[in-house]
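Both backbone and side-chain heavy atoms feed into the values below; hydrogens, waters and symmetry mates do not. Naming: A, B, ... by sequence-line order, numbering from 1 per chain.
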There are 2 protein chains.
Amino acid sequence: METIIKHFDKYLPLDDKEKEALISRLTERKIKRKQYILQEGDTCKYFTYVVKGCFKMYGVDNSGAEHNLTFAAEDEWIADIDSLHKEKASKLFIEAIETSTILQVSKGNLWYLYNKYPKFDRNFRVIIEDKYIELQNRLLQTFSTTAYERYECFLEQYPNLSNRLPNTQIASYLGITPEFLSKIRNQRSLK
Amino acid sequence: METIIKHFDKYLPLDDKEKEALISRLTERKIKRKQYILQEGDTCKYFTYVVKGCFKMYGVDNSGAEHNLTFAAEDEWIADIDSLHKEKASKLFIEAIETSTILQVSKGNLWYLYNKYPKFDRNFRVIIEDKYIELQNRLLQTFSTTAYERYECFLEQYPNLSNRLPNTQIASYLGITPEFLSKIRNQRSLK
DNA sequence: TCTACATTAAGACTATTTCTTAAACAAGCT
DNA sequence: AGCTTGTTTAAGAAATAGTCTTAATGTAGA
């Protein structure tokens, strides 16, 4: 629980009442590797904070291929916000890549926190803004660069993830096959 | 100014003090077609609300091609949030597609509103969340569908924009050439 | 009205990426 | 510790979605 308190110190730090309110509304869970915390068709019920471990959020296309939208490792939040907010069936999966420990806030509890302590509005505004910026940069890259460049950029931006994740997962994030990623890595090693 | 007040009624409606605070911190501007409100290299200084007209936000790649990230028409907000928040040089352009009327809040004034009236944190949190959802869906589509499908989806989601925008702009949004969009339209008309 | 830009058309082209097969390697599970 | 399953590299052939080019026609802004 300490890690999530420290997490908020990066934004507007919480006072004692806010800390208590937050902690009393969080549920800790252990999630095994390959276990889902959200499956396509279900409604996303929680905003999830990763204490330890790593998750991927992905969609599956008509031909069955997975496309990773994002990863979340230590000290990051993950949810299908579309499904959570609008209480509709999700098109996405959130799956543990490693055995993980998480803290979850239900939608109801999150709304309670928002209404009672406006600081949570602020902090989550900033958290979402950062996620928005990330997506925007990624979309621009997808349009305007080759897989080679996107891979280089991924390495720079997520040096720790790139060591930790299997290449299949990185390939899916970049929008290419693992075989092609292997070619890119080979090309890079020749330079 | 009335339109922006009504805009906030969709979220948490503003009380009289908040309305006054907001209005006194907005600047109205008329922007001609093809005029920029943000250029690559500059720092984004304003969050812009579109009263009337239409804008595009785009990046330019190494070979000089434009890639539209988003459009903003009546009753929508637009800014390069990355540049605005982190006060760094933008990689993007925001340009009027039609002669437009806008209301702008500077970063300083926006921060003032956030700090004085937490309701703005709430409202902008929700505004950003909606934009985030849009981007997420778009990224997933870009990975998992053909240009044909993306065009169909664009027509469904933005029926008014699709009548209003030149095809060159829609093509740039979809990540294809105008010639190829023309082929897609031709294909569709045969069905 | 004029001019510049937007749209359609259609064929040739191509570059990035996939597909396939296979062998070697690494890692998780009992 | 050993088995089994999944991951990585390799390399050539193949596909195809989308580009390029040219050109004629249409349309909107000034």
K30(B): what forms a salt bridge (Lys or Arg N to Asp or Glu O under 4.0 Å) with it, not counting sequence neighbours?
none
Would you call I184(A) and I176(A) a side-chain contact if the rule is heavy atoms closer than 4.5 Å?
yes
What I'd like to find out is whether the side chain of I4(A) reaches to under 4.5 Å of the side chain of V51(A), using heavy atoms alone.
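Result no, sub-4.5 Å side-chain heavy-atom pair not found.
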Side chain to side chain donor-acceptor pair (under 3.5 Å): pairs with one or both residues in residues 118-131 of chain B, sequence neighbours excluded:
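Sorted pair list: H85(A)-E129(B), N115(A)-R122(B), D121(A)-R122(B), D121(A)-R125(B), R122(A)-D121(B), R125(A)-D121(B), E18(B)-K119(B), R125(B)-E129(B).
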Enumerate the residue pairs fulfilling side chain to side chain donor-acceptor pair (under 3.5 Å) with a member in residues 175-184 of chain B, sequence neighbours excluded, ordered by first and then second residue.
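Qualifying pairs: none.
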Using a cut-off of 4.0 Å between protein heavy atoms and nucleotide atoms, how would you tag nucleotides 11-20 of chain D 5' to 3' with B, S and -?
BB-----BB-
Would you list the protein and nucleotides 5-8 of chain D atom pairs, both N or O, that sit under 3.5 Å from each other?
residue: dT8(D); atom: OP1; partner: N167(A); partner atom: N; Å: 2.7
residue: dT8(D); atom: OP2; partner: N167(A); partner atom: N; Å: 2.8
residue: dT8(D); atom: OP2; partner: T168(A); partner atom: N; Å: 3.1

Report, as yes or no, whether the 6.0 Å neighbourhood of atom CD on E149(B) holds more than 12 heavy atoms from other residues, nucleotides or ligands.
yes
Result block: side-chain N/O donor-acceptor pairs under 3.5 angstrom for residues 35-46 of chain B, not counting sequence neighbours:
residue: Q35(B); atom: OE1; partner: K32(B); partner atom: N; Å: 2.9

Test your reading of the model: is there a side-chain donor-acceptor pair from S63(B) to the backbone of A65(B), 3.5 Å cut-off?
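Checking the backbone N and O of A65(B) against the side chain of S63(B), no donor-acceptor pair under 3.5 Å is found.
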Could you work out, with ring-ring contact (aromatic ring centres under 6.0 Å, His included) as the rule, every residue matching Y58(B), not counting sequence neighbours?
F93(B)
Sequence neighbours excluded, the answer for side-chain hydrogen bond (donor to acceptor under 3.5 Å, both in side chains) partners of D75(A) is H7(A), K10(A), Y49(A)
Show every ring-ring contact (aromatic ring centres under 6.0 Å, His included) that has at least one partner inside residues 159-189 of chain A, sequence neighbours left out.
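Applying ring-ring contact (aromatic ring centres under 6.0 Å, His included) to every pair that reaches into residues 159-189 of chain A, excluding sequence neighbours, yields F71(A)-Y173(A), F154(A)-Y173(A).
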Rounding to 10°, can you tell me the angle the first-five-pair axis of the helix from dT1(C)-dA30(D) to dT30(C)-dA1(D) makes with its last-five-pair axis?
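The two end axes of the helix from dT1(C)-dA30(D) to dT30(C)-dA1(D) meet at 80°.
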Distance check needed: dA15(C) P versus Q187(A) CD, whole Å only.
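About 14 Å, once rounded to whole Å.
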Do any of residues 94-102 of chain B sit with a heavy atom less than 4.0 Å from DNA chain C, and if so which?
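Those residues whose heavy atoms fall under 4.0 Å from DNA chain C, taken from residues 94-102 of chain B, amount to none.
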Transitive ILVMFWY cluster of L12(B) at side-chain heavy atoms under 4.5 Å: who else is in it?
none
